[in-house]
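A short worksheet on the structure shown next.
Count residues from 1 along the sequence. Heavy-atom basis, side chains included; hydrogens, waters and symmetry copies ignored.
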Amino acid sequence: MRKIFFLFTFLAMLGMQVMAQRQITGTVTNADDGSTIPGVSVFAKGTTAGTVTDLNGKFTLTVPAEAKVLTFSFVGMVTQEVAIGSESVINVNLKTASTALEGVVVTALGVTREKKALGYAVQDVKGDELTKARETNVVNSLSGRVAGLQVTGASGNMGGSSRVLIRGVNSVSGNNNPLFVVDGIPFDNSDFNTVNTARGAGGYDYGNMAQDINSDDIESISVLKGGAAAALYGSRAANGVILITTKKGKMGKGKKTLGISLNSGVSFEKVAVLPNYQNLYGGGSEYDSENGFEQVDINGTTYNIPDYGTDESWGPKYNANIQYLPFWSLYDWEEIGKPTDQQLATTPWVAPENDVDSFFETGVTFTNNVALTGSDENGQFRMSYTNVSGSGYMPNSKLRRNTFNMNGSRKFSKFLEGFATANYVKSYALGRAEVGYGDNNVMQKFNQWGQRQLDMKSLEKYRNADGTMRTWNRIAWNNPAPHYSDNPYWTRYMNAPEDQRDRFFGNAGVTLTLLDWLKLTGKYNFDTYTFRAQEHVAIGSQAQTYYSEDVRQVTETNAEFLFQVDKQLNELFRLNATFGGNRMFRTTHRNYGSTQGGLVIADFYNINNSGASPLVIDNTFKKAINSLYGSASLGYKGMLFLDMTLRNDWSSTLPTDNRSYLYPSVTGSFVFSEMPALEKYEWLSFGKVRAGWAKAGNDTDPYSLFNAYDNYTNFGADIRYSVPSTLNNSALKPESTTSFEIGTELKFFNNRLGIDFTYYSNKTTDQLLAVQDPELVVISMLTKMPEK
């Protein structure tokens with residue numbers, strides 16, 4: 001009987017406990033557009049009961065009897081508290097927190113976090129800022145907008161390269177470029193400028209590949225500055241990361257939307273600064289005559305002829321009373337057969353009316369963008385087309401770029417969401433200006449090897465009827481061949497280079513919601529392009545004629561997975577964690593051909609039009625990196641934050657024993673302005689101190705471990721190979737960069753005044769350097785001798 005009594009007592013108490021708990025369901029939506037919000041933290045205040053909303057913004061929570069209030073919080077939204085009362089269904093509309101949104105940034109692996117929670121320096125730039133003053137190279141738009149980021153643009157080069165450094169140089173001989181990531185896609189930012197171009201010895205600047213990113217499609221850019229900020233991206237992020245998020249459609253609740261936007265812009269460019277040219281003396285050198293000119297009798301008339309063959313200005317002093325025979329008058333006379341009864345035209349020996357500045361044009365660039373967006377409660381899409389069409393300040397220069405962008409996502413169920421993005425970029429450039437000390441650099445001729453009496457209008461007719469060149473730098477008055485310099489208009493119209501690029505990049509993936517606080521994303525990223533550049537020097541030019549074609553194909557794929565945890569552990573602690581892996585594979589192929597011994601047929605630009613056996617270079621490089629990585633972030637009361645990351649890479653370019661290297665990082669931050677004791681100081685809007693430590697590695701280029709013979713230009717029928725002057729090293733170790741930083745962020749007077757200060761220190765060890773072997777300075781040759 002006693003046992004039965006205790007049994008009934010236990011069941012009654014259990015029933016009372018069950019009756020003391022109840023289940024509450026509901027949906028959280030955005031007050032601005034009615035869309036549902038996944039990932040909202042729902043917590044019963046004063047208890048440990050909590051959950052997060054699913055992909056459809058719905059939640060189910062069992063709360064104890066003592067719970068009186070539910071708290072709803074989400075990054076970028078105003079936290080809201082709702083009394084439970086007797087309700088079993090509670091729906092909430094969260095409002096956007098305008099001040100909070102300013103502190104939301106995209107961090108590594110595309111995870112959106114509150115900026116106040118970060119223990120490292122991150123700075124973001126909104127896409128609208130990039131389209132106010134349009135640049136054909138979006139990298140230039142970052143100049144002056146991000147502390148610690150240095151952008152060195154190619155001033156005066158149409159579509160030229162822009163070098164980006166974040167916190168200076170880390171590697172002496174390696175790559176110091178930050179990693180570009182567009183919507184999670186590692187984006188190649190190579191440039192293919194030659195060594196001569198880089199050192200100022202002539203050549204063309206074809207620009208860095210990041211200029212394929214279209215500013216009209218950018219929603220925001222986050223710059224991850226330190227090693228701790230970029231540690232999850234591995235070796236390629238040793239110099240920081242530039243994260244680019246593109247625009248997307250916005251899903252709405254219970255309604256379908258369709259919109260279209262148009263955006264047009266025009267920009268102008270002119271030469272801003274030229275040297276101060278002297279206007280006292282003309283070109284050539286002075287002759288031993290009364291007025292300093294050569295005296296020549298032509299058809300019974302004596303003419304004053306300047307020293308056409310000397311490409312300097314040490315000639316006679318200007319004198320409007322002296323008439324001289326200009327170069328164009330001789331060409332006109334020669335073109336009609338040098339008639340003996342023809343008197344040649346002369347002109348006063350004075351400074352030119354149309355000086356060097358008249359050679360340049362006003363560059364005009366038009367940018368037109370049209371975008372179509374659509375959405376419903378389960379999906380969204382955006383399609384965009386942008387056309388950039390412009391001319392440079394140099395004659396016969398133009399740049400064309402067409403960009404197609406498409407992205408979308410779709411919820412197939414509460415557990416499964418798919419997404420995809422695709423971009424196609426086609427660009428073309430004609431007449432890029434040669435840079436440095438080269439025969440086709442007109443600025444070199446104007447500023448160093450020119451003659452000052454030249455009128456640009458007289459140079460516009462640069463070609464005779466028979467196709468030969470009319471140059472001011474004749475060998476002599478009776479020898480029309482060019483001596484040292486071409487006519488600048490001949491340079492621009494006859495020797496103009498061309499280049500084209502076709503690029504396709506994007507990704508596709510799915511996200512599985514395994515639990516309210518756990519999801520798994522898998523995706524495949526790709527980036528591939530073909531770059532083709534053609535250069536030539538036409539027959540009739542002063543320099544050796546040639547034609548070259550350089551074709552480069554670059555393809556990189558990244559297959560990755562990522563688990564994400566976002567869980568409110570209790571009223572005090574919140575955990576964010578990730579675990580993922582990546583497989584990168586990159587192939588670079590180059591096929592280069594150039595004529596040798598000059599061109600045979602005029603105006604026929606083909607490798608087969610070679611006076612001797614053409615030069616051919618054919619290279620293929622492959623590289624792979626396997627990676628595993630993870631992170632954990634623990635927050636306390638939205639005031640104290642601790643972040644830890646760990647990544648391990650295995651690189652194919654390093655020796656088997658040394659190809660694995662680890663990247664740890666740890667950061668912490670304290671938002672002291674959240675302390676109750678400081679709430680009374682209204683002048684302090686925000687205050688935080690942060691500190692971080694990280695270690696990152698870096699590998700090297702493919703095929704740096706073992707020596708191999710290089711094919712050398714054949715000597716007749718003999719095939720020749722050379723030994724490289726730099727020995728490869730089979731015992732290479734990865735570079736290692738250790739970084740430390742501390743900083744503070746302060747905002748005053750309702751965010752009207754702000755200070756963001758960072759002190760950092762970087763130390764790189766085991767640097768990968770090319771050291772020349774003195775015994776191999778003289779290259780030895782291996783020659784396959786013909787059989788006898």
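By the 30° and 60° cut-offs, the orientation of the rings of W349 relative to Y324 is perpendicular. Ring orientation note: the planes of F359 and F446 are nearly perpendicular, at an angle over 60° on the 30°/60° scale.
Taking the side chain as every heavy atom from C-beta outward, V271 and D357 never approach each other to under 4.5 Å. Between N464 and E334 there is no side-chain heavy-atom pair separated by less than 4.5 Å. Counting only heavy atoms from C-beta outward, the side chains of Y547 and E535 never approach each other to under 4.5 Å. In this structure, the side chains of P488 and L459 come closer than 4.5 Å at one or more pairs of heavy atoms. Looking at heavy atoms from C-beta onward, F192 lies in side-chain contact with V554 at the 4.5 angstrom threshold. Contact of the Q323 side chain with the P348 side chain is registered, since non-hydrogen atoms from C-beta on lie closer than 4.5 Å. A heavy-atom distance below 4.5 Å is found between the side chains of D486 and M469. Side-chain contact between K248 and E219 is absent, with no heavy atoms from C-beta onward closer than 4.5 Å.
For Y303 and W477, the ring centers sit 6.0 Å or farther from each other. Aromatic pair Y529/F505: centroids not less than 6.0 angstrom apart.
Under a 3.5 Å cut-off, the side chain of T373 and the backbone N or O of G249 do not form any donor-acceptor pair. Panel note: side chain N591, backbone V551; no donor-acceptor pair is recorded below 3.5 Å. A donor-acceptor pair under 3.5 Å is formed between the side chain of H536 and the backbone N or O of M494. N473 contributes a side-chain N or O that, together with a main-chain N or O of Y484, makes up a donor-acceptor pair within less than 3.5 Å. A donor-acceptor pair under 3.5 Å links the side-chain atoms of E335 to the main chain of A465, judged by distance alone. Without hydrogens or angle criteria, D205 side chain to S161 main chain gives a donor-acceptor distance under 3.5 Å. For N354 (side chain) and M456 (main-chain N/O), no donor-acceptor pair under 3.5 Å exists by modelled atom type. In this structure, R503 contributes its side chain and M209 its backbone to a donor-acceptor pair below 3.5 Å. Side chain of N441 to main chain of M443: a donor-acceptor pair is present (N/O by atom type, distance under 3.5 Å, no hydrogens or angles).
For the residue pair D188 / S190, a side-chain donor-acceptor distance below 3.5 Å is found, with atom types taken as modelled. Using modelled atom types, one finds no donor on one side chain facing an acceptor on the other under 3.5 Å when comparing S220 with D124. No hydrogens or angles considered: a donor-acceptor pair under 3.5 Å links the side chains of N402 and Y385. N368 and N387 share no side-chain donor-acceptor pair at under 3.5 Å. Neither side chain, T471 nor W490, offers a donor N or O lying under 3.5 Å from an acceptor on the other. Using a 3.5 Å distance cut-off with no hydrogens or angles, the side chains of Y318 and Q453 do not pair a donor with an acceptor. A side-chain donor-acceptor contact under 3.5 Å links T528 and T555.
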| said: Run F360 and V356 through side chain to side chain contact (heavy atoms under 4.5 Å, CB included) and show every step you take. | reply: CA-CA 8 Å; F360 303 106; V356 171; 3.8 Å; yes

| said: Using the rule given for side chain to side chain contact (heavy atoms under 4.5 Å, CB included), can you reason through I242 versus L142, listing the C-alpha separation, both sets of side-chain angles and the distance that settles it, and then say yes or no? | reply: CA-CA 10 Å; I242 296 180; L142 295 176; 4.2 Å; yes

| When you look at F327 and S458, which way does the side chain to side chain contact (heavy atoms under 4.5 Å, CB included) test go after all the steps? | CA-CA 9 Å; F327 75 95; S458 67; 3.9 Å; yes

| Please walk me through it: do N239 and V164 pass side chain to side chain contact (heavy atoms under 4.5 Å, CB included)? | CA-CA 10 Å; N239 304 299; V164 184; over 6 Å; no

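Partners of T386 under the side chain to side chain donor-acceptor pair (under 3.5 Å) rule, at least two apart in sequence or in another chain, are N214, N369. Among residues two or more places apart in sequence or in another chain, the side chain to side chain donor-acceptor pair (under 3.5 Å) test is passed with D307 by S285, T310.
Closest approach of A543 to V537, counting heavy atoms only: O-CG1, 4.0 Å. Minimum interatomic distance between S397 and M394 (heavy atoms only, all atoms of both residues): OG-O, 2.6 Å. Scanning both residues, L399 and A429, for their nearest heavy atoms gives CD1-CB, 3.8 Å. Among all heavy-atom pairs drawn from N479 and R474, the shortest one is O-CB, 3.6 Å. A pairwise comparison of heavy atoms in Y204 and P497 identifies CE2-CG, 3.5 Å as the closest pair. Residues V146 and V125 come closest through the heavy atom pair CG2-CG2, 3.8 Å.
Each salt bridge (Lys or Arg N to Asp or Glu O under 4.0 Å) pair with one or both residues in residues 425-446, not counting sequence neighbours, appears once here: K426-D502, R432-D499, D439-K445.
A cation-pi arrangement is absent between R470 and Y489, since the terminal nitrogen or guanidinium carbon is not both under 6.0 Å from the aromatic centre and inside a 45° cone about the axis.
Between R382 and D183, no side-chain nitrogen of the basic residue sits less than 4.0 Å from a carboxylate oxygen of the acidic one, so the salt-bridge criterion is not met.
Checked options M158, E269, E361; the residue passing with Y393 is E269 (criterion: side chain to side chain contact (heavy atoms under 4.5 Å, CB included)).
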